[in-house]
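Every chain is numbered from 1, with letters handed out A, B, ... down the list of sequences.
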Amino acid sequence: MPKSLVLTALACAVGALVSGAPAAARDLVSFDSGKLILTNGVTTIEGSGGGGLATWATISGMGTDRAVGVSAHATIVELPDFRLDTHGIAVGIRDRVELAYARQNFNTRAVGAALGLGRGFQFNQDIFSAKVRLAGDLVYGPGWLPQVSVGVEHKRNLDGAIVRAVGAKASAGTDFTVSATKLFLGASVLANATLRVTKANQFGLLGFGGDKHAGRSVQFEGSLAYMITRRLVVGGEWRTRPDNLGIAREDDAKDLFAAWAVTRHVTLTAAYVDVGSVATFAGQRGGLLSLQLAY
Amino acid sequence: MMFLLPFLMAAAPLAEPPAAPVPATTEAPVDWDKEFGVVRKERDPVTGEIPVDPYVQSDANAGAKPYSGEGLARAFGGQAGIRRITDRALDLSHADPRIKAIFEEHDMVRLRRTLFEQVCYLLNAGCRYTGRDMKTAHKGLGTTRADLNALVENLQRAMREAHVPFAAQNRLLAKLAPMSGDVTER
């Protein structure tokens, strides 16, 4: 008898937690997928909500301020000499807090052999991130007040010995970001500006800090996008990066992108990406393709 | 079920009708509306609207300054086009399972008129806004951000069906979006 009571109580609790009915709007966990299409943004190559390269102040998932949202992404970046695969998941809580995890696999292809690492050697990295919306709203509220968020991204490179061998000071590092993002409806333009304090080399794929500069520096990420329709946005991004390693120059990263909301829950992003020189191989310009599922 | 029998038997005497006949009452039936101070509002026979508490009429109640120039009014098809769009947005919302409950309890006759006036005024299509301010008009509705987004989607669909260019649609939304704090509840 007590066992069945416990089971009943559990069933009720689970039912209350997973229920998405309007009556359950104040439950601990309810999904409403109530954001306007595309206003959840897409997923960066570091797993946080944003554009493709720049982290935005947006909170991942389609949940509004009384609900929870989740999203998952997979991205490939195909460059002349490298290939980056990222995939990850993110949770948005009450459009206030974002928690995300992403895994990056960076394939060095023929470069790996040239560097003595072996053909097709992969650098791997785990990224755990959190973001909190401090003020404002992407769409609503005063037109002059953007959505402002602060974030932290903890990156753990899984090839510590190798990144230290190329000159990195550490195999793990933590970035701090502050982002302001606004959809200026009167112009159908979305603008984002982010400051990132980081010591990551090539997003952390080549470790953190170096012989040229060991500590953190302040970098800028800007995005400008135009909404063509409710489902289609085109734009560009610019991301400055530190240049810490003596043996391999690092350049700013840029992209031109189009994001298309196929449905409320599915967003496809295609971009032309230029990350400049990577591990002494210059002119790394290529294509990015990203799929995001969001609820 | 047998274990219930003692309870039923114990309860039985209470269920018996009172012995004395009920005396004929001379009192009038209780007017519960009056007892609880409920004032039934009748629709105005001319306008068909349910009266609201008195308020000062002003264009400022529309919640934003109107656009200048005639471009947007033209993009929305003038007053006739705006009326079709606002009517359609309300019809969609009234049938939308996400938010229909809000509209079922609402004076749709008055809302149709005031929403049309507001949009017409903001787009500089030649109207005065005679409704209440946004905060007063939405008081007690308990609307959420998700409700507001659903309404926006219905308005977007109505504008899309009327072939209003997307950039012009956003120009209207740009006037409405800053009012979010007055029309939703935290």
Do you see a donor-acceptor pair shorter than 3.5 Å between the side chains of [X] and [Y]?
X	Y	result
B:S93	B:N154	yes
A:S223	A:W56	yes
B:D147	B:T144	yes
B:T130	B:E117	yes

(request) Over all heavy atoms of both residues, which pair between A:S179 and A:N192 is shortest? Give the atoms and the distance, please. (result)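 Heavy-atom minimum between the residues: CB-OD1, 4.1 Å.
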(message) Between A:E98 (side chain only) and A:G92 (backbone N and O only), is there a donor and an acceptor less than 3.5 Å apart?
(response) no
(request) Examine distances only and state if a side-chain atom of A:R264 and a backbone atom of A:K35 form a donor-acceptor pair shorter than 3.5 Å. (result) yes
(request) Pick one of side chain, backbone, both or neither for A:S188, based on which atoms fall under 4.5 Å of a heavy atom in chain B. (result) both
For residues 224-234 of chain A, please give each side-chain donor-acceptor pair under 3.5 Å, one per line with the distance, not counting sequence neighbours.
| unit_1 | atom_1 | unit_2 | atom_2 | d |
| --- | --- | --- | --- | --- |
| A:T229 | OG1 | A:R231 | N | 3.1 |
| A:T229 | OG1 | A:L232 | N | 3.2 |
| A:R231 | NH1 | A:A261 | O | 3.3 |

(message) Is there a side-chain contact between A:K254 and A:R239 in this structure, where contact means two heavy atoms from C-beta onward sitting under 4.5 Å apart?
(response) no
(request) Between chain A and each of B:S180, B:A150, B:A101, count heavy-atom pairs under 4.5 Å; write down the option with the most. (result)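 Heavy-atom pairs under 4.5 Å are most numerous for B:S180.
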Identify every side-chain donor-acceptor pair in residues 285-295 of chain A under 3.5 Å, counting partners at least two apart or on other chains, and give the distances.
| unit_1 | atom_1 | unit_2 | atom_2 | d |
| --- | --- | --- | --- | --- |
| A:S290 | OG | A:T75 | OG1 | 2.8 |
| A:Q292 | OE1 | A:T43 | N | 3.4 |
| A:Q292 | OE1 | A:T43 | OG1 | 2.7 |
| A:Q292 | NE2 | A:G41 | O | 3.1 |

(message) Are there residues of residues 133-141 of chain A whose heavy atoms fall under 4.5 Å of chain B's heavy atoms? If so, which?
(response) A:D137, A:V139, A:Y140, A:G141
(message) For residues 155-174 of chain B, give me every residue with a non-hydrogen atom less than 4.5 Å from any non-hydrogen atom of chain A.
(response) B:Q156, B:R160, B:F166, B:A167, B:N170, B:R171, B:L173, B:A174
